[in-house]
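Here is the structure we will look at, set down as structure tokens.
From a predicted model like this one, the values you see are computed outputs, not experimental measurements. Below, read A as the first sequence line, B as the second, and so on, with proteins coming before strands; counting in each chain starts at 1.
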Amino acid sequence: MKEKYFPKEIEAKWQKRWAEEKTFEVTEDPSRPKFYCLEMLAYTSGRAHIGHVSNFTIGDALSWYKRLRGFNVIHPFGWDSFGQPAETAAIKDGTDPEKFTRDAIAYMKWQFQRMGISYDWSREVATCDPEYYKWNQWFFIRMFERGMLYRKLSPVNWCPKEDISLSNEQASGGVCWRCSTPVIQKELMQWFARITDYADQLLDGLTTLEGKWPDRVITMQRNWIGKSLGAHVKFDIPECNESVTVFTTRIDTIFGANAIVLAPEHPLVSSIVEGKRYGAEVLAFAEKLRAEQRGGRAEELEKQGIFTGGHAVNPFNGERIPIWIANFVLIQYGTGAIMAVPSGDQRDFEFSRKYGLPFRQIKLTDDGREIPAEELDAADDGWTTTVNTGEWSGLSSEEANRRMTGYAEEKEIGKGAITYKLRDWGVSRQRYWGTPVPMIHCGECGIVPVPDAQLPVVLPKGVNLRVEGGSPLDHVPEYVNVTCPKCGGPARRDTDTMDTFVDSNWYYFRYCDPHNDERPFDPEKVAYWLPVDQYIGGIEHAVMHLIYTRYWTKVMRDMGLVKFDEPVSRLLTQGMICKETYQCPNPDHDWLFPEQVTAEKTCSLCGRPVNVGRVEKMSKSRKNAVDPIEMIEIHGADALRLFVLFAGPPDKDKEWSDTGFEGAARYLQRVWRLARKWVDRKPGQLETGVEMNVHSRKLRRRTHQIIKRVTENLEERLHLNTCISSLMELTNEIQAFDAEVDKQQAATPAEAAVAREAIEALIRMLTPFAPHIAEEMWEAYGHGSSLAQSQWPGFNEDLAREEEIEVAVQVNGKLRSRLFARAEATEDELREKALADDKVIAAAAGREPNKVIVVPRKLVNVVFK
RNA sequence: GCCGGCGUAGCCCAAUCUGGCAGAGGCGCUGGUCUUAGAAACCAGUUGAUGAGGGUUCGACUCCCUCCGCCGGCACCA
């Protein structure tokens, strides 16, 4: 063992050895329990960032731990390598997305390998490989055959900057999820997946994930699915012989309806305004509202509407109410039409106030009063008691809701209905760098899948990406022009590519059988490894990725490929690594790198005092990013990993600190020095009966206590930061022990044995956090094989038990004294000792205590009135 | 507006789930040992109305209620 710790040397050595010995490559082994540890595949942006380190080290710590506990651990990795950014970058540089992506993979893989994560690289998958996306196409065809995929003309969200269609999720808030450009609408033929068929299953499945997935992810998915129970009610429009159906969750408030409000895009608008005096104005106004909504952020728009001139009849009371168009009614949700009840719905309230529509009170307040409609200052959407609702007056809102739904069904004017916010998933993209849709359009036969034997449909090379209009693939005749597989006539290939979320739906199934060229995977292999035992990734995937992959799993189950409902047993969303920012008041200097800021917190360029900004997510633009490779160069991967894990709980945001990082490196050096000092001392036997001195007994006790604590912290919750602090504690104990021994001439064999037990336990427990240094020390301690073949240290409860304990003595709940007792002291013993305490006797002043509370091993509380 | 997270020492954070002496670990700072000096290393030291108020309890950082502050997500979903 070298005198000094040289992380670079050690890390290179073990990374090489692990690769050569295929230490982390695994195969199915039914005789051992399996553990599937998965980190989200990396997008091939071209460069590793600190978020990767955080993500991987959490998973790696758990993988190592489970490996040492005897599990057969699969820990694979891969690349999310299709998608728009590569295409945009290629257009910019005039190169090819494939080259850009391959270069990115090569470089990032090198970066990731320097982190020394225990991946089974033999299972590596890149989604842009034809060997992979072939199976996207295979799934696409199977789903088409099952009616799970269909085409429809649909307005798509379109990012004018990237020239790409976006899913609803990607256009959330009316802006592109990547570049924040306001999204516009375009009408295109699109492929859709019927995820709504699985809405209830996706919702119900969430119940089984409670306690295993973060609450907020479950909540976000529930909100996303947005199941809502209510009713459809039909309002006749006698003047044009039509009817309009609204969706409402509060049919019990229908007597308070003062208008029907349609979305500007509602198909009935044109027939309602036909022949009306101001019809043209209404249509123009509707068009204006639609245009405004394109700007996105509907929530920021003021409520605006216009009376169409038409009227509908309330089927419950025969009342004639006006039909309006307004911007706050969404065409995508429900039926695109509502009944406005201003006393029961805040939006309707605001709308009615603005346009002077009449109010009617149709229910009591919570405390049973009836407020006159004109005195209302806000809508009340509570469930109370109905009034002024004809034969349903005086019922509870719930009861009225039920009975009135029943009445509507009876009279055939409506029926109970369930509505979801979730909409079918648009999987078409009109770009180049994605999985080609394996479909052929034939004038004679319609849509015909490419025969399985001809898969994959390979993305053509050398395509001009700078085309105006449509997809770049439209402009490649040799790709587009094909013969129909059915009739042999001339046909046209579908030029859409797939949303990259298709790629990430099932990549972790492929890891189980990554080189299979006959099937997407062998179901038996998947049955062995899946479900994923622990998935670790960013919160940004809470809805899209994690709902699509749950959906895909259920479809695969229905295809007979898998036997479970939920693919991910446990989910952890890691926190971000943040850092403070510096900004110079001079706008030319703006954000500064830390090295541009002087010790006095002034700008090194102009000398002005800088604004020290909040601690926030690292980003290039704010110049607060820390480059992992630079950090590895300074103190090594082990120190970087240790710091990131030590900075805080895995699921919480953490703050980067240069001095903290140095502290991690210093800690490893300290462990190294201690280990080296004891490595050559011959240990004696640690059998019972051997006499031991006080410091030896103490170190043994602390060793076993800390093994116990670290084990529990790893098993019960992934509080890796407290595991590391426990290891530091053990290190401090060993150091104190070492100092004791130094006072003597030489260590006794018994002392050497105690030290060895402690140090070897420390080494093994350090493995999940700093595997390279652990391996190196383990080898130095005479172990011939990798720690991967070793075992997690066990602990002995008897040895962990304290000999003597300190017990707090309280009087009326306030700390007044302390006493020492045997660890096994009974309640009576403790009570007696406490009552004999001077301070207690003084406080008693001759009185008898009213009560004495004894918490064994902790405290005694003597209570006087 | 709704939902969630956080608030403990100069700073990052433990202890909160399961009520029991507020402090494990790290950073910083101060002093010392060593050194020509510094660095490194080691040793010693260093701090508190647990955001506020109320309740339950013998006892509250922990449980309950009402607020405040910061962060994040969702948001006209009828």
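Ring geometry, A/F737 versus A/W678: the interplanar angle falls from 30° to 60°, so the pair is classed tilted. Ring geometry for A/Y355 versus A/W324: interplanar angle of 30 to 60°, hence tilted.
Using a 4.5 Å cut-off on side-chain heavy atoms (C-beta onward), A/M765 and A/C723 make no contact.
Atom name P, nucleotides B/A52 and B/A60: the rounded distance is 15 Å, in whole Å. Comparing B/G54 with B/A14, their P atoms are spaced 28 Å from each other, to the whole Å. Separating the P atom of B/C6 from that of B/U16 is a span of 13 Å, rounded to the nearest Å. Comparing B/A75 with B/C17, their P atoms are spaced 34 Å from each other, to the whole Å. Spacing of P atoms, B/A9 relative to B/C74, comes out at 32 Å, to the nearest Å. For the P atoms, the distance from B/C67 to B/G20 is 28 Å, rounded to whole Å. Using atom P as the reference point in both B/G28 and B/U18, the two lie 37 Å apart (nearest Å). Between B/C61 and B/A78, the distance separating the two C1' atoms is 44 Å to the nearest Å.
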Study note, to complete from the structure: Nucleotide by nucleotide, nucleotides 10-19 of chain B touches protein heavy atoms under 4.0 Å in the pattern (B base, S sugar-phosphate only, - none) --SSSS----
Exercise for review: If a protein heavy atom is under 4.0 Å from the base, mark B; if only from the sugar-phosphate, S; if neither, -; do that for nucleotides 38-49 of chain B going 5' to 3'.
Suggested key: ---SSS------
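Of all nucleotides listed (B/C21, B/G28, B/A24), B/A24 comes nearest to the side chain of A/R709. When distances are taken from the side chain of A/T219 to each of B/C27, B/C76, B/C3, the shortest belongs to B/C3. Taking every side-chain heavy atom of A/K303 into account, B/C76 is the closest of B/G26, B/C76, B/G59. Ranking B/C21, B/C76, B/G20 by closeness to the A/K858 side chain, first place goes to B/G20. Comparing B/C21, B/G26, B/C27 by their closest approach to the side chain of A/M728 singles out B/G26. Side-chain proximity of A/M220 to B/G73, B/G28, B/C76: nearest is B/G73. Checking B/G4, B/A78, B/G28 against every side-chain atom of A/R216, the shortest atom distance belongs to B/G4.
For the residue pair A/D658 / A/W656, a side-chain donor-acceptor distance below 3.5 Å is found, with atom types taken as modelled. There is a side-chain donor-acceptor pair under 3.5 Å between A/Q735 and A/R670. A/T731 and A/Y667 are linked by a side-chain donor-acceptor pair at a separation below 3.5 angstrom, with hydrogens and angles left out of the test.
For B/A22, the base is anti relative to its sugar; the glycosidic angle deviates from 0 by more than 90°.
When rounded to the nearest whole Å, the span between CH2 of A/W213 and P of B/G5 equals 18 Å. Atom pair A/F235:CZ and B/A78:C1' shows a separation of 12 Å (rounding to whole Å applied). Look at CZ on A/R250: it is 11 Å from C1' on B/A78, rounded to the nearest Å. What separates CZ of A/F661 from P of B/G26 is a distance of 17 Å, to the nearest Å. Distance CG (A/L642) to C1' (B/G25): 11 Å, rounded to an integer number of Å. Atom CG in A/N850 sits about 15 Å away from atom C1' in B/U57, given to the nearest Å. Rounded to an integer number of Å, the gap from A/R831 CZ to B/C58 P is 16 Å. Straight-line distance from the CH2 atom of A/W224 to the P atom of B/G4: 20 Å, rounded to whole Å.
Using a 4.0 Å cut-off between charged nitrogen and carboxylate oxygen, A/D738 and A/R673 do not count as a salt-bridge pair.
Heavy-atom nearest nucleotides on RNA chain B were determined for A/D215 and for A/E350, and the one closer to the 5' end corresponds to A/D215. Ranked by how close their nearest RNA chain B nucleotide is to the 5' end, A/G660 and A/V855 are led by A/V855.
The cationic group of A/R353 lies under 6.0 Å from the six-membered ring centre of A/F359 and within 45° of the ring axis, placing it in a cation-pi geometry. A cation-pi arrangement is present between A/K303 and A/F328 under the rule of less than 6.0 angstrom and at most 45 degrees off the ring axis.
For A/K858, the NZ atom sits in a loose shell: 12 or fewer heavy atoms of surrounding residues, nucleotides or ligands are nearer than 6.0 Å.
An OP1 or OP2 oxygen of B/A78 is reached within less than 4.0 angstrom by a side-chain nitrogen or oxygen of A/S228. Regarding contacts with the backbone of B/G73, every side-chain N or O of A/N223 stays at 4.0 angstrom or more from both OP1 and OP2.
As judged by a 4.0 angstrom heavy-atom cut-off over every strand, A/T249 is placed among residues touching the sugar-phosphate backbone only.
Interatomic distance, A/M220 CE to A/H541 NE2, rounded to the nearest 0.5 Å: 11.5 Å. Considering OG1 of A/T249 and CG of A/N401, their distance stands at 7.5 Å, rounded to 0.5 Å.
For RNA chain B, the stems formed by at least three consecutive Watson-Crick or G-U pairs, with both atom-pair distances below 3.5 Å, span B:1-7 with B:68-74, B:10-12 with B:25-27, B:28-33 with B:41-46, B:51-55 with B:63-67.
Under the side-chain contact (heavy atoms from CB on, under 4.5 Å) rule, A/V840 has a single partner from A/L819, A/V811, A/V852, A/V860, which is A/V811.
The two atoms that bring A/S54 and A/Q574 nearest to each other are OG-CG, 3.6 Å, heavy atoms only.
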